[in-house]
> 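Just dropping this structure here.
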Protein chains: 2
Amino acid sequence: METGSVRTSTGGRLLDAAAKLFWNKGYASTTTREIAEILGVRKASLYHHIASKEDLLFEISVSSLERIIGETQAAIAGVDDPLERVRMLVHAHVASMIADQNKHSVMLTELRALSPARRTQIVTLRDEYEQLVASVLDGARKAGALRADIPVKYLSLSLLNLLNWSIFWFQLDGELSPDRWADYLTSLYLGGAQKSAEGAVLR
Amino acid sequence: METGSVRTSTGGRLLDAAAKLFWNKGYASTTTREIAEILGVRKASLYHHIASKEDLLFEISVSSLERIIGETQAAIAGVDDPLERVRMLVHAHVASMIADQNKHSVMLTELRALSPARRTQIVTLRDEYEQLVASVLDGARKAGALRADIPVKYLSLSLLNLLNWSIFWFQLDGELSPDRWADYLTSLYLGGAQKSAEGAVLR
DNA sequence: GTCTATAGTGGGATAGAC
DNA sequence: GTCTATCCCACTATAGAC
């Protein structure tokens, strides 16, 4: 986790502070002064830890994606039942996303602000994750557990829409726990919203 | 449509040009000079048509929401069957969204950049639309067509996630037509991804 | 590792001629 | 309705002391 860069106290808090501001105000509208204020230092001091503001956005994006990829892979490792793999994936995605809500939101919405070279790196990581999701679904489809009349590509994009964009309204302090939301999502995604699906795959 | 403000040639193209740039680069990173360049004028000339850059973002958001509200209401008016109303809503939403892709994307992602007073106005319009969706779903649920084991609030948020965030990867020139995507979405949302749903509500 | 001070740039918006 | 010229401001990043 900490390999490759020194993480002092200020350095460690830097990413979280930046993610919070980038998410609340947007990357371009957040000033280095505001980030420094949260950390209790002057803005010039930031440049001892980073080379540029864009570094922060890049590291936030990488960190968010590596976490979600790692935790999702871990959750489905060793699980054989095709539909159970889907359930595990949904739960891991929701949990990881909510544990890292600011970073994840920023990664999803601020890709445009990165330089082309770094944007490519993030897109590659995203593709890697989308491939993981698609392969879980494709496995379930090949096992006869998922419908075959809609291309896996769109089954996959739909699940990602449901998963990713929950983050914009999900409130940790609300009445809904991450696990319960993951249950709703799984049941709805697999069983549908129709009456006949009532109780489907809800545990 | 044109009531309340004069829409000269430059004025009319202004919103579209701004929406395109705001979507490609983000609101904060788009300069008035770039907008002017597209229109073939100097940036000072923009201020004959608008009072501020923020005006553009506000008008884009209002225009996008009024369109989607209007077209969705029109699509379900006079339709009685509860599930058919859901289908109509999905088709109208997808069509309207894609016809106005830049504006709609900007409305969804740049809310933060508006001043509090104007943000409130946009949030009110969004709430109005979400109420419309929730009421269609609630009608179907009360008619016994939708499951009752998941609160309508979450049935509604899930459908909005599926609908709204398609816009970020949907390509009009791709192999998928808006109507076909709406069919997939309807079938998936109502019937689910499981094998047993195969062919569900697909026309 | 943090500070003060400032360089250097580019932004939104305005003045006033045409 | 568009232009040139410019104001004023805030930003990122750097220099160099401590």
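Naming convention: chains lettered A, B, ... in sequence-line order (proteins, then strands); numbering from 1 in each chain.
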> Atom CD of B/Glu37 and atom C1' of C/dG11: how far apart are they, to the nearest Å?
15 Å
> Tell me: CD of B/Glu54 to P of C/dG12, nearest whole Å?
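The answer, rounded to whole Å, is 13 Å.
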> Looking at D/dA10, I'd like to know if its phosphate oxygens (OP1 or OP2) sit under 4.0 Å from a side-chain N or O belonging to A/Arg33.
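Checking D/dA10 against A/Arg33, no side-chain N or O comes under 4.0 Å of OP1 or OP2.
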> Of the nucleotides C/dC3, D/dT4, C/dG12, which has the atom closest to the A/Arg42 side chain?
C/dC3
> Using distance alone, with no hydrogens and no angle criterion, decide if A/Ser115 and A/Glu54 have a side-chain donor and acceptor under 3.5 Å apart.
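Yes.
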> Nearest whole Å is fine: how far is D/dA13 P from A/Glu34 CD?
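My rounded result for the distance is 15 Å.
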> According to the interplanar angle, ranging from 0 to 90°, do the rings of A/Tyr129 and A/His93 count as parallel (below 30°), tilted (30 to 60°) or perpendicular (above 60°)?
tilted
> Would you check, one step at a time, whether the test salt bridge (Lys or Arg N to Asp or Glu O under 4.0 Å) holds for A/Glu37 with A/Arg33?
CA-CA 6 Å; A/Glu37 232 163 56; A/Arg33 182 182 315 242; over 6 Å; no
> Where does the angle between the aromatic ring planes of A/Phe22 and A/Tyr27 fall among parallel (under 30°), tilted (30 to 60°) and perpendicular (over 60°)?
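Plane angle over 60°, so perpendicular.
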> Could you tell me the separation between the CG atom of B/Leu39 and the P atom of D/dT2, rounded to a whole number of Å?
9 Å
> Is the phosphate of D/dT2 approached by B/His49 (side-chain N or O, under 4.0 Å from OP1 or OP2)?
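Yes.
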> Atom NE2 of B/His48 and atom P of C/dA13: how far apart are they, to the nearest Å?
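Whole-Å distance recorded here is 17 Å.
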> In whole Å, what is the span from the CD1 atom of A/Ile35 to the P atom of D/dA10?
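Checked: the CD1 to P distance equals 18 Å.
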> Given that B/Ala44 and A/Thr30 both sit by DNA chain D, which one's nearest nucleotide is further toward the 5' end?
B/Ala44
> Measuring to OP1 and OP2 of D/dA13, would you say a side-chain N or O of A/Tyr47 lies under 4.0 angstrom away?
yes
> Centres of the A/Phe168 and A/Trp23 rings: under 6.0 Å?
yes
> Between D/dC9 atom C1' and B/Lys53 atom NZ, what is the distance in whole Å?
15 Å
> Taking only the side-chain heavy atoms of A/Thr31 (C-beta and beyond), determine which of D/dA13, D/dT12, C/dA13 contains the nearest atom.
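Minimum distance to the A/Thr31 side chain belongs to D/dT12.
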> Taking any heavy-atom pair under 4.0 Å as a contact, classify A/Ser45: base, sugar-phosphate, or nothing.
base
> Provide, to the nearest angstrom, the distance between the OH atom belonging to A/Tyr27 and the P atom belonging to D/dC11.
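In whole Å, D/dC11 P lies 14 Å from A/Tyr27 OH.
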